[in-house]
Amino acid sequence: MKPITNEIYLKWYKDMSFWRKFEEKCRSLYFNQKISGFLHLYSGQEAIPAGITYVMDLKKDNLITGYRCHILALAMGIDPKKVMAELFGKKTGTSCGLGGSMHIFSKKYRFYGGYGIVGGQIPLGAGIAFADKYFNREAVTVTVMGDGAIWQGALHETFNMSMLFKLPVVYICENNKYAMGTSVKKSSCIQNIFQLGLSYNMPSKSIDGSSPFQIAKQVDKAIKRAKNGKGPTFLEILTYRYRGHSMSDPESYRTRDEVIEQKTKDPILKIKKKILERKILTKKLLKALDLELRKKIDECVVFAENSDYPPQNTMFHVVYSQKKYPFLKENKWQR
């Protein structure tokens, strides 16, 4: 793995802080009805994309995830202004305002969702990996899921096929302990989720989700294994989300004291401590950096607000007017 230098620690702090502030701004915008529909925040889990993308080849490798997707999209390099515009439903967004929060997508940056069906991204990730192997593209697909997706039948079918075909894919479970709102302890007879991979002879391991270094170290091994033709790896990353499952979540399944206790293990605070210990930046300079990040986020909001909504007939032209669309002959969707 590439060495972790002072520059990397600073980059991790900048990225993770920006991502946290971006999500908190989205939360505020949701309350002000600037963003509508579903909104699933990532606050607390920022070490995961920091570690994953550090060891990925961002010019070749792919990533697909579920609907808690904004931050993973940013980590893959997508312009935050376009992500914010998509959340606003504007035509300058990543999906022209037609996807919204749950469907951030970018072919250019090899980010294939933002997938709204629980566990639906798992077989799709295997499919992308199969295509890469078939065409000898020397790429790996990182397929990310939540702990609520592990009991979907598609996961078990996909794990089996992935091992049989030795697909270049890395499966990652972001275990934030509650899925939608039910504790893993109450919903799973297997407490150590990584053990599911062992059922298919897949190398599997549990990782501390508050350390981008530990995440990068294990994901790097998994990516090298995949690129060497040895097949997939399953990694369970133990993390915690500070906000509810979505904006409509009353969070009655956990106590406030529990959340406060978890925040003492905040991955951003850990990186900040490392920066101060190594004297990379002073507290004063870190405060100035935080103000700079907030300004950048405000610019994203201004961009989104000043963008136009997509025309009303956009959906017809983008989807229904395709020559191969099966219902077109019936003129069922003509206006």
Side-chain angles (χ1 to χ4, degrees), residues 19-20 22-27 29-31 34-46 48-49 52-53 62-78 80 82-90 93-107 109-128 141-155 158 170-182 184 187 193 209 236-237 239-251 253 304:
W19 299 337
R20 176 75 58 82
F22 187 93
E23 291 284 76
E24 292 305 307
K25 186 65 175 181
C26 289
R27 184 171 182 268
L29 292 165
Y30 190 92
F31 283 131
K34 297 285 187 178
I35 296 174
S36 58
F38 290 102
L39 188 68
H40 303 85
L41 302 180
Y42 203 79
S43 302
Q45 301 182 194
E46 293 87 357
I48 299 175
I52 290 174
T53 55
N62 317 293
L63 192 146
I64 186 169
T65 186
Y67 43 74
R68 200 179 302 276
C69 62
H70 319 143
I71 301 310
L72 287 163
L74 297 179
M76 288 294 286
I78 300 176
K82 291 187 176 182
V83 173
M84 185 65 78
E86 186 62 37
L87 296 175
F88 272 61
K90 299 297 184 71
T94 55
S95 299
C96 302
L98 302 177
S101 167
M102 298 169 71
H103 303 287
I104 308 297
F105 186 97
S106 174
K107 182 180 179 180
Y109 290 98
R110 293 158 302 284
F111 183 76
Y112 296 105
Y115 198 79
I117 304 299
V118 175
Q121 74 273 24
I122 301 171
L124 291 177
I128 297 168
T141 298
V142 177
T143 302
V144 182
M145 68 204 78
D147 51 279
I150 61 167
W151 294 116
Q152 294 292 328
L155 178 140
T158 303
V170 178
Y171 296 107
I172 292 177
C173 174
E174 297 176 316
N175 182 0
N176 59 34
K177 299 179 176 61
Y178 286 105
M180 267 187 86
T182 303
V184 172
S187 62
I193 290 174
E236 175 192 10
I237 301 182
T239 185
Y240 196 87
R241 54 173 168 77
Y242 300 148
R243 298 297 182 184
H245 171 73
S246 69
M247 292 299 293
S248 59
D249 182 1
E251 301 183 56
Y253 47 83

Side chain of [X], backbone of [Y]: donor and acceptor closer than 3.5 Å?
| X | Y | result |
| --- | --- | --- |
| K90 | C96 | no |
| E86 | T94 | yes |
| R27 | L39 | no |
| T158 | A126 | no |
| N176 | T239 | no |

Evaluate the side-chain proximity of [Y] to [X]: yes if any heavy-atom separation is below 4.5 Å, no if none is.
| X | Y | result |
| --- | --- | --- |
| I122 | Q152 | no |
| K177 | D147 | no |
| Y112 | F105 | yes |
| V170 | I52 | no |

*Step by step, work out the side chain to side chain donor-acceptor pair (under 3.5 Å) result for E23 and Y242.*
CA-CA 11 Å; E23 291 284 76; Y242 300 148; over 6 Å; no

*Consider only side-chain N and O atoms of H40 and S101, and report whether a donor and an acceptor are under 3.5 Å apart.*
no

Rounded at 0.5 Å granularity, tell me how far [atom1] in [X] sits from [atom2] in [Y].
| X | Y | atom1 | atom2 | value |
| --- | --- | --- | --- | --- |
| H245 | M180 | NE2 | CE | 4.0 Å |
| C69 | M76 | SG | CE | 13.0 Å |
| S36 | F88 | OG | CZ | 10.0 Å |
| I128 | I64 | CD1 | CD1 | 4.5 Å |
| E174 | E236 | CD | CD | 11.5 Å |
| L41 | D249 | CG | CG | 10.5 Å |

_Show, in sequence, the C-alpha distance, side-chain angles and deciding distance for L155 and M145, and conclude whether the side-chain contact (heavy atoms from CB on, under 4.5 Å) test is met._
CA-CA 10 Å; L155 178 140; M145 68 204 78; 3.4 Å; yes

Identify the heavy atoms of [X] and [Y] that sit nearest to each other, and give their distance.
| X | Y | answer |
| --- | --- | --- |
| I193 | C173 | CG2-SG, 4.1 Å |
| I104 | G100 | CD1-O, 3.7 Å |
| G120 | P123 | O-CD, 3.5 Å |
| T182 | S187 | CG2-CB, 4.0 Å |
| I78 | S106 | CD1-CB, 3.4 Å |
| P49 | Y42 | CD-OH, 3.4 Å |

*Between Y67 and Y115, is the ring centre distance below 6.0 Å?*
no

*asked:* With a 4.0 Å cut-off on N to O distance, would you call R243 and E24 a salt bridge?
replied: yes

*For atom NZ of K34, decide whether the heavy atoms of other residues, nucleotides or ligands shown that lie under 6.0 angstrom number more than 12.*
no

*Partners meeting ring-ring contact (aromatic ring centres under 6.0 Å, His included) with Y109 (sequence neighbours left out)*: none

*asked:* Students often mix this up, so state it plainly: with edges at 30° and 60°, are the rings of Y253 and Y178 parallel, tilted or perpendicular?
replied: tilted

_List the residues meeting side-chain hydrogen bond (donor to acceptor under 3.5 Å, both in side chains) with R20, not counting sequence neighbours, and say none if there are none._
E46, D266

*Identify, with sequence neighbours excluded, every residue that meets side-chain hydrogen bond (donor to acceptor under 3.5 Å, both in side chains) alongside T141.*
N62

